[in-house]
Amino acid sequence: MQCEYSARGRVAMFGLIAAEAAIFTIFIVAYLFYIGKSLTGPMPKDVLSVPVFYTICLLSSSVTIHMAVKGLSKGNVRGFGAWWLATITLGTAFMYGTVTEWRRLIYQEGLTISTNLFGTTYYSLVGLHGFHVIVGLVGLSVIAIFTLRGNVTSAETERVDVFSLYWHFVDAVWVVVFTVVYVLGR
């Protein structure tokens, strides 16, 4: 039965990831298409700061979630919980960075989604990614609650591993978004 879930769960997750990758591709292509086409400011080079620390936080969370799943597979539920909490903390730190960046851009730099093409494409792409991080954080938190209640054992390793694929996807997408927005788009 576990093997049957494993195959179905992985196929479903890969199907979701493929669909989400297609959506991100559309948003990334739109961002790339409109780079430098805003007629009015502010422009990316004038207002964007490269979020190195928060990027390190998010990318590190792929390591912590991997360690969590590895620990659970060995029956170490306590270690799993600690690594899982570290993943939630790192993801939350990343979202804090996004929120503070948006607050600065809106209130100090005057960049909103309706300011210009850059604002529209920036908030659409980075916002889409942020939405996916929030969905991932909700899922991580639900699993953390189940863990605290004693409902997660090594028998759930495969299910947790399938969910971790979503989190790895969110991290991988950030590498592309970061490169497009903060490297190529500046």
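Any value given below was found using the heavy atoms of this structure, including those in side chains, with hydrogens, waters and symmetry copies removed. Since the structure is predicted, the reported quantities are computational estimates derived from the model, not experimental observations. In this chain, numbering begins with 1 at the start of the sequence shown.
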Problem - Working for side-chain contact (heavy atoms from CB on, under 4.5 Å), residues Ile106 and Leu111 - result: CA-CA 5 Å; Ile106 293 167; Leu111 181 70; over 6 Å; no
Practice task
Step by step, work out the side-chain contact (heavy atoms from CB on, under 4.5 Å) result for Thr120 and Thr115.
Solution key: CA-CA 7 Å; Thr120 301; Thr115 301; over 6 Å; no
Handout entry: Stepwise side-chain contact (heavy atoms from CB on, under 4.5 Å) check, Thr92 with Met95
Key = CA-CA 5 Å; Thr92 301; Met95 282 311 301; 5.7 Å; no
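Residues Leu117 and Val177 are members of separate hydrophobic clusters, defined by side-chain heavy-atom contacts under 4.5 angstrom among Ile, Leu, Val, Met, Phe, Trp and Tyr. A continuous path of ILVMFWY side-chain contacts below 4.5 Å connects Val52 to Leu184, so both sit in one hydrophobic cluster. Cluster membership check: Phe118 shares its hydrophobic cluster with Phe178, using side-chain heavy-atom separations under 4.5 Å among Ile, Leu, Val, Met, Phe, Trp and Tyr. Linking ILVMFWY side-chain heavy atoms closer than 4.5 Å, directly or via other members, places Val183 and Leu59 in two distinct hydrophobic clusters. Follow the hydrophobic side-chain contacts under 4.5 Å out from Leu105 and you reach Val180 in the same cluster.
Checked against salt bridge (charged side-chain N to carboxylate O under 4.0 Å, His left out), Arg186 has no partners two or more places apart in sequence or in another chain. By the side chain to side chain donor-acceptor pair (under 3.5 Å) test, Thr147 is found to be paired with no residue, residues two or more places apart in sequence or in another chain being considered. Residues forming a side-chain contact (heavy atoms from CB on, under 4.5 Å) with Thr87 (at least two apart in sequence, or on another chain): Ser61, Thr64, Ile65, Leu140, Trp167. Considering only residues two or more places apart in sequence or on other chains, Phe94 meets the ring-ring contact (aromatic ring centres under 6.0 Å, His included) condition with His129, Trp174. For His132, the ring-ring contact (aromatic ring centres under 6.0 Å, His included) partners at least two apart in sequence or on another chain are Phe24. Every residue was checked against the ring-ring contact (aromatic ring centres under 6.0 Å, His included) condition with Tyr54, not counting sequence neighbours, and none meets it. With sequence neighbours excluded, no residue forms a side chain to side chain donor-acceptor pair (under 3.5 Å) with Thr179. Not a single ring-ring contact (aromatic ring centres under 6.0 Å, His included) links Phe169 to another residue, sequence neighbours left out. With sequence neighbours excluded, the residues satisfying side-chain contact (heavy atoms from CB on, under 4.5 Å) with Arg149 are Ile145, Phe146, Asn151. Under the side chain to side chain donor-acceptor pair (under 3.5 Å) criterion, Ser62 pairs with His168, Asp171, not counting sequence neighbours.
Dense packing is recorded around OH of Tyr182, with more than 12 heavy atoms of other residues, nucleotides or ligands lying under 6.0 Å away. Around the NZ atom of Lys45, the shell of radius 6.0 Å holds no more than 12 heavy atoms that belong to other residues, nucleotides or ligands.
Between the CG atom of Leu125 and the CZ atom of Phe27 there is a distance of 8.0 Å, given to the nearest 0.5 Å. Interatomic distance, Met67 CE to Ser164 OG, rounded to the nearest 0.5 Å: 13.0 Å. In this structure, Thr112 OG1 and Tyr107 OH are separated by 10.5 Å, a value rounded to the nearest 0.5 Å.
Among residues at least two apart or in separate chains, salt bridge (charged side-chain N to carboxylate O under 4.0 Å, His left out) pairs with a member in residues 92-120 are Arg104-Glu109. Sorted by first and then second residue, the side-chain hydrogen bond (donor to acceptor under 3.5 Å, both in side chains) pairs with a member in residues 65-84 form an empty list; sequence neighbours excluded.
For the residue pair Ser154 and Thr157, no side-chain donor N or O sits within less than 3.5 Å of a side-chain acceptor on the partner.
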